[in-house]
Amino acid sequence: MRIIVAKDYAEMSKRAADIIASQIRINAHTVLGLATGSTPVGAYEELVRQYNEEGLNFGNVDTFNLDEYIGLGADHPQSYRYFMDEHLLSHINMDADRAHVPDGLAQNPEQECEEYDRLIRDLGGVDLQLLGMGGNGHIGFNEPNDIYTAETHVVNLTESTIKANSIYFNNENEVPRQAITMGFRTIMQAKKVIFVVSGKAKSKVVKEALEGPITPKLPASILQLHHDVIVVLDQDAASEMKLKDNFIMTDDQLFR
Ligand code: PGA
């Protein structure tokens with residue numbers, strides 16, 4: 001595991017975006033796994049800037065988002081499809097057919113999950129997966145649980161997630177109770193993972209996830225077992241960690 005501690009949110013976002021951009025420059029046909037939430041917004045802004053100002057080319061990129069609320073369609077402002085269009089996809093030269101988000105309105109969500117995994121497999125899996133983390137340690141919508149679920153699946157959201165995400169809705173009752181999320185197999189089989197965490201509020205959970213026991217009760221802890229994960233934290237998020245100097249990597253060490 002390689003850990004970068006950035007001085008603040010802006011630097012964290014720049015570092016994460018630079019890693020994603022480098023991946024696309026190395027392999028124009030990259031399959032990206034993407035995340036929603038407030039944490040990656042700055043990285044998406046920087047990617048849009050690099051598209052506009054530095055010719056970063058998304059023309060051959062495929063993307064798969066981690067999750068989507070069940071019951072929300074692409075035109076709902078709180079759907080993750082809408083989020084992706086607003087923050088990234090509508091600003092870059094991506095082919096709309098190659099930007100995948102689970103369909104929250106699918107008639108048969110289980111079939112949608114199977115189809116989603118099949119599409120990812122057909123494209124050879126995810127090359128680079130961007131991940132954030134919820135305050136309860138979830139990645140995607142893989143909530144704390146007794147087991148790690150391998151496949152894309154339907155989840156019941158926990159009360160803490162419903163509460164945390166209610167800030168984006170008029171009230172808690174409007175937050176969907178279920179979602180479709182990628183499972184741990186796709187995430188753990190991604191060739192590279194970037195894990196971004198920002199802010200003091202998550203400092204204890206991220207320390208537990210990266211330095212504590214590996215358990216599905218703290219879903220992000222499984223990342224300790226991934227063979228190529230780059231953690232990008234801001235100083236606030238890193239404030240509880242017992243970092244050793246040799247964990248902190250410079251750019252040239254990241255792309256050997
Ligand atoms: P946040 O959400 O970036 O808005 O904190 C992350 C998540 O819930 O995965």
Side-chain angles (χ1 to χ4, degrees), residues 6 8-17 20 32-47 63-70 72 77-84 86-88 101-102 104 126 129-145 148-149 152-153 155-169 172 175-184 186-188 190 193-210 216-223 226 229 231-234 236-240:
D8 55 17
Y9 177 78
E11 191 184 293
M12 179 200 80
S13 301
K14 172 87 172 94
R15 301 299 292 264
I20 297 168
L32 285 179
L34 296 179
T36 51
S38 56
T39 312
V41 167
Y44 293 147
E45 273 171 21
E46 172 60 16
L47 288 172
T63 64
F64 287 91
N65 263 80
L66 284 165
D67 46 15
E68 180 60 284
Y69 289 115
I70 288 187
L72 304 193
Q78 297 313 329
S79 75
Y80 288 164
R81 160 67 73 179
Y82 191 101
F83 175 102
M84 288 313 301
E86 192 187 6
H87 291 286
L88 182 69
V101 181
V126 173
Q129 176 68 55
L130 175 63
L131 290 176
M133 180 185 73
N136 64 0
H138 73 201
I139 49 179
F141 268 138
N142 290 286
E143 298 282 39
N145 200 348
Y148 288 113
T149 304
T152 296
H153 58 288
V155 286
N156 295 321
L157 302 182
T158 61
E159 280 308 313
S160 72
T161 296
I162 292 166
K163 204 171 184 53
N165 292 6
S166 66
I167 56 167
Y168 302 110
F169 293 81
E172 234 173 271
V175 184
R177 270 29 189 183
Q178 288 191 307
I180 291 176
T181 185
M182 245 184 219
F184 288 98
T186 311
I187 294 170
M188 292 302 283
V193 169
I194 312 180
F195 182 48
V196 286
V197 185
S198 161
K200 199 109 201 146
K202 290 181 184 168
S203 59
K204 286 203 165 61
V205 183
V206 80
K207 174 202 163 52
E208 270 299 297
L210 300 180
K217 295 193 190 314
L218 205 174
S221 62
I222 200 172
L223 296 176
H226 193 281
V229 53
V231 179
V232 191
L233 307 174
D234 62 11
D236 283 344
S239 57
E240 300 279 334

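Both ligands and their constituent atoms are indexed starting at 1 by order of listing. As a basis for the values below, the full set of heavy atoms in this structure was taken, side chains included, without hydrogen atoms, waters or symmetry mates.
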Peer 1: Classify the ring geometry of F169 against Y69: parallel below 30°, tilted from 30° to 60°, perpendicular beyond 60°.
Peer 2: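 Judged by the thresholds at 30° and 60°, the geometry between F169 and Y69 is perpendicular.
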Peer 1: Could you list each N/O atom of ligand 1 together with any protein N/O atom closer than 3.5 Å, one pair per line with the distance?
Peer 2:
from     : atom 1 : to   : atom 2 : distance (Å)
ligand 1 : 3 (O)  : S38  : N      : 3.2
ligand 1 : 3 (O)  : T39  : N      : 2.9
ligand 1 : 3 (O)  : T39  : OG1    : 2.5
ligand 1 : 4 (O)  : S38  : N      : 2.8
ligand 1 : 4 (O)  : S38  : OG     : 2.9
ligand 1 : 5 (O)  : K202 : NZ     : 2.6
ligand 1 : 8 (O)  : H138 : NE2    : 2.7
ligand 1 : 9 (O)  : H138 : NE2    : 3.4

Peer 1: Whether the E143 and T161 side chains hold a donor-acceptor pair (N or O, under 3.5 Å, no angle test) is what I'd like checked.
Peer 2: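 Yes.
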Peer 1: For a 4.5 angstrom cut-off between non-hydrogen side-chain atoms, does F141 reach N165?
Peer 2: yes
Peer 1: Mind checking whether T39 and K202 have side chains closer than 4.5 Å, heavy atoms only?
Peer 2: yes
Peer 1: Parallel, tilted or perpendicular: which fits the ring planes of Y80 and F83, with parallel below 30° and perpendicular above 60°?
Peer 2: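 Aromatic pair Y80/F83 classed perpendicular.
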Peer 1: So, for M182 and N65, which heavy atoms are closest and what is the spacing to 0.1 Å?
Peer 2: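 That closest heavy-atom pairing would be CE-O, 3.7 Å.
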